[in-house]
Colleague: 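One structure coming up, written as structure tokens, with questions to follow.
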Number of protein chains: 2
Amino acid sequence: MTQELFASYSFLLDRTARKVKHYAQQQFKFGKFDVTVDQWLVLKNLAERPQVSQTELAQLVLKDHPTLTRIIDLLSKKGLVQRVQHPQDRRSFQLHLTAKGENKVAALKPRILEIREKAWENLTESDFHEFKRILNTIYQNLDTNSGV
Amino acid sequence: MTQELFASYSFLLDRTARKVKHYAQQQFKFGKFDVTVDQWLVLKNLAERPQVSQTELAQLVLKDHPTLTRIIDLLSKKGLVQRVQHPQDRRSFQLHLTAKGENKVAALKPRILEIREKAWENLTESDFHEFKRILNTIYQNLDTNSGV
DNA sequence: TACCAATAGTTAGTGTGACAAATATATGAA
DNA sequence: TTCATATATTTGTCACACTAACTATTGGTA
């Protein structure tokens, strides 16, 4: 494959990723979800794994620690998440959803699946698998932590 | 296709786009390119289309006006780009590369193609076309300005 | 001529991302 | 015990995305 051929993939990838995020954010706003897309990602992971530490959560959602700190700050200001001291390790927090947070996740989850579905009009299930395979291959090609 | 199946595409898309950008940015830093990935995108487009206005350029690189304003500010601080008053329309600027900017583009272009190539190891040319097709379909599905 | 909608660009506010450095705490070795 | 090192989190800085509001200018129209 020549260099010229795929010189544009990063542009297409970036613009599509931004479009997806932007579209979701618009829908969130329109539906008065009162969270951002990134805040939702954190909430969803917390719902699935209560009691995780910030470090564990940062790995799950692939955000760095400073970014996660700020997102947790915002979510706890909104009363959706609480930091609780780890019983053994006083450096660490255990994060968990408040009752309000649980309700938020339950209420939003189905609506967000609907929003996500929109992107796949005119595409098949095998397109989806191809897409996933290529994305993951690219990711691994550039991931210096994996394998090499 | 069920909802659950593709619930994760946005996460994969986002993480891959960030990995691609991050990888490029690391290489830029390591090679002392002294520009960010987004600044490079602007420089490259300016090299191909001298004399564009900021509005035209914003459409080419898919950035909004405030973002482009700041990127141009940064590039002109570095002495790579100049704003010149449009001869007829005093609201508008014509952007062009300085000699230093031209040299920068010429020097970096081949090195950046190499960096971009890394992502496509273990993938075929038809993977690339599939990928492009799916990305563009998703983009159009979510683009409220197109068609509908 | 006077008005007014549209256009070009800038500024400000909020949220996020990467990175470096600082703080606090924990842990293992001498 | 004490010191070096590692871990968990926070803070600060710079860059970018998006929205909204603003200035200045242009061009059409009453």
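Lettering of chains follows the sequences in order, A, B, ..., and the numbering in each one begins at 1.
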Colleague: Under 4.0 Å, heavy atoms only, any strand: does H22(B) hit a base, just the sugar-phosphate, or nothing?
Modeller: sugar-phosphate
Colleague: If I take atom CG in residue D64(B) and atom P in nucleotide dA12(C), what distance separates them, rounded to the nearest angstrom?
Modeller: 17 Å
Colleague: Can you see which heavy atom on R83(A) is nearest to which on T69(A), and at what distance?
Modeller: NH2-O, 3.5 Å
Colleague: Nearest whole Å is fine: how far is dA18(C) P from L68(A) CG?
Modeller: 12 Å
Colleague: Please report, rounded to the nearest Å, how far the C1' atom of dC16(D) is from the CG atom of D14(A).
Modeller: 10 Å
Colleague: How would you label the contact of L74(A) with the nucleic acid (heavy atoms, under 4.0 Å): base, sugar-phosphate, or nothing?
Modeller: sugar-phosphate
Colleague: Quick check on DNA chain C: between P66(A) and R90(A), whose nearest nucleotide comes earlier from the 5' end?
Modeller: P66(A)
Colleague: Closer than 4.0 Å, any side-chain N/O of Q25(A) to the OP1 or OP2 of dA17(D)?
Modeller: no
Colleague: Just to be sure I understand the rule, does Q26(B) reach a base, reach only the sugar-phosphate, or reach nothing, if contact means heavy atoms closer than 4.0 Å?
Modeller: sugar-phosphate
Colleague: Establish, with yes or no, whether the OP1 or OP2 oxygen of dT10(D) is under 4.0 angstrom from a side-chain nitrogen or oxygen of Q54(A).
Modeller: yes
Colleague: With sugar-phosphate meaning primed atoms plus P, OP1 and OP2, does D38(A) contact a base, only sugar-phosphate, or nothing at under 4.0 Å between heavy atoms?
Modeller: sugar-phosphate
Colleague: I want to check one thing: is the phosphate of dT7(D), taken as OP1 and OP2, less than 4.0 Å away from some side-chain N or O of S92(A)?
Modeller: no
Colleague: Does K63(B) make a side-chain N or O approach to OP1 or OP2 of dC16(D) shorter than 4.0 Å?
Modeller: no
Colleague: Tell me if the side-chain of R91(A) makes a donor-acceptor pair with the base of dT7(D), cut-off 3.5 Å, by modelled atom types.
Modeller: yes
Colleague: Any idea which heavy atoms bring F11(A) and L60(B) closest together, and the distance?
Modeller: CZ-O, 3.7 Å
Colleague: Ion pair present between E130(B) and R133(B), side-chain N to carboxylate O less than 4.0 angstrom?
Modeller: yes
Colleague: Which sits closer to the 5' end of DNA chain C, R70(B) or T55(B), going by the nucleotide each is nearest to?
Modeller: T55(B)
Colleague: Check whether any side-chain N or O of D14(A) sits under 3.5 Å from a backbone N or O of S10(A) as a donor-acceptor pair, and report yes or no.
Modeller: no
Colleague: Round to the nearest Å and state the distance from Q94(A) atom CD to dT9(D) atom C1'.
Modeller: 15 Å
Colleague: Hey, is the side chain of T69(A) poking within less than 4.0 Å of OP1 or OP2 on dT9(D), counting only N and O atoms?
Modeller: no
Colleague: Whether the side chain of E56(A) engages the backbone of S53(A) through a donor-acceptor N/O pair (distance < 3.5 Å, no angle test) should be reported.
Modeller: yes
Colleague: Classify the nucleic acid contact of E56(B) as base, sugar-phosphate or nothing, counting any heavy atom under 4.0 Å across all strands shown.
Modeller: nothing
Colleague: How far apart are the closest heavy atoms of D127(B) and W120(B), and which atoms are they?
Modeller: C-CZ3, 4.5 Å
Colleague: Looking across every strand, which nucleic acid part, if any, lies under 4.0 Å from T36(A) by heavy atom: base, sugar-phosphate, or nothing?
Modeller: sugar-phosphate
Colleague: Using a 4.0 Å heavy-atom cut-off across all strands, classify T67(B) as base, sugar-phosphate, or nothing.
Modeller: base
Colleague: Hey, does the side chain of R18(A) come within less than 4.0 Å of dA17(D)'s phosphate (OP1/OP2), counting only N and O?
Modeller: yes
Colleague: Would you say K29(B) places a side-chain N or O within less than 4.0 Å of OP1 or OP2 belonging to dA20(C)?
Modeller: yes
Colleague: Between C1' on dA18(C) and CD on Q27(B), what's the gap in Å once rounded to a whole number?
Modeller: 16 Å
Colleague: Just checking D89(A): base, sugar-phosphate only, or nothing, at a heavy-atom cut-off of under 4.0 Å?
Modeller: sugar-phosphate
Colleague: Rounding to a whole Å, what distance do you find between H65(B):NE2 and dA12(C):C1'?
Modeller: 17 Å
Colleague: Quick one: closest heavy-atom pair of V37(A) and F28(A), and the distance?
Modeller: CA-CE2, 3.8 Å
Colleague: Over how many whole Å does the gap from Q88(B) atom CD to dA8(C) atom P extend?
Modeller: 14 Å
Colleague: Whole angstrom is fine here: how far is it from NE2 in H86(B) over to P in dG9(C)?
Modeller: 9 Å
Colleague: I want to check one thing: is the phosphate of dT10(D), taken as OP1 and OP2, less than 4.0 Å away from some side-chain N or O of R83(A)?
Modeller: yes
